[in-house]
Amino acid sequence: MHGWLGLAMIPLGLGMAVAAFMKRRSRMTGTTPAGQIRPEFAMMGEIMRPVVLFVVGLFALQMVLLYFVFGGAQFLTALDFGGIMFVLAAYTGYLLVATAKQAAPAPVVAASDDAVGSTAV
């Protein structure tokens, strides 16, 4: 059965896309308190994101080159190739959503009754 790899990759990519959507939605609706993470570990995470994105992009470029230029259609069907590319794209989207810095909410300032009701000059 040809194409079984592509058929397996499509639900995997859809799962990652749904996970990215859920993570983004949960970040937009509520504020999560900052965890107890040491600054050097936070910095390492910020440094690794572009490295991982570069490696995923390089792998995708190699797959495209090997598939179209060097006759990869002999080994992979179009469904397999598309499934692999879809998973790479979904993983990239998930990584961008999961590692995006969340904006700090603006502090809420309670207005006093004097400032709200007075119009004196």
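The structure presented is a predicted model; accordingly, all values stated were derived computationally and were not measured.
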Return the set of residues passing side chain to side chain contact (heavy atoms under 4.5 Å, CB included) with [X] (not counting sequence neighbours), or none when no residue passes.
{"X": "Val64", "answer": "Phe68, Phe81, Met85"}
{"X": "Leu5", "answer": "Met9, Leu76, Asp80, Ile84"}
{"X": "Leu58", "answer": "Phe54, Gln62"}

Subject >> Tyr94: partners by ring-ring contact (aromatic ring centres under 6.0 Å, His included), with sequence neighbours left out >> reply: none
Original post:
Can you name the residues that form a ring-ring contact (aromatic ring centres under 6.0 Å, His included) with Phe21, not counting sequence neighbours?
Top reply: none
Report yes or no: do [X] and [Y] belong to one cluster of Ile/Leu/Val/Met/Phe/Trp/Tyr joined by side chain heavy-atom distances under 4.5 Å?
{"X": "Val87", "Y": "Val18", "answer": "no"}
{"X": "Leu95", "Y": "Met22", "answer": "no"}
{"X": "Val56", "Y": "Val97", "answer": "no"}
{"X": "Met63", "Y": "Trp4", "answer": "yes"}

Original post:
Which value, rounded to the nearest 0.5 Å, describes the distance between Phe86 atom CZ and Leu14 atom CG?
Top reply: 4.5 Å
**OP:** First locate atom OG1 of Thr92, then atom CG of Leu53, and finally report the distance between them rounded to the nearest 0.5 Å.
**Re:** 6.0 Å
Which atom of [X] lies closest to which atom of [Y], heavy atoms considered:
{"X": "Val52", "Y": "Tyr91", "result": "CG1-OH, 3.7 Å"}
{"X": "Arg49", "Y": "Leu96", "result": "NH1-O, 4.0 Å"}
{"X": "Ala17", "Y": "Ala90", "result": "N-CB, 4.4 Å"}

Subject >> Transitive ILVMFWY cluster of Leu65, excluding itself - 4.5 Å side-chain cut-off >> reply: Leu66, Val69, Phe70
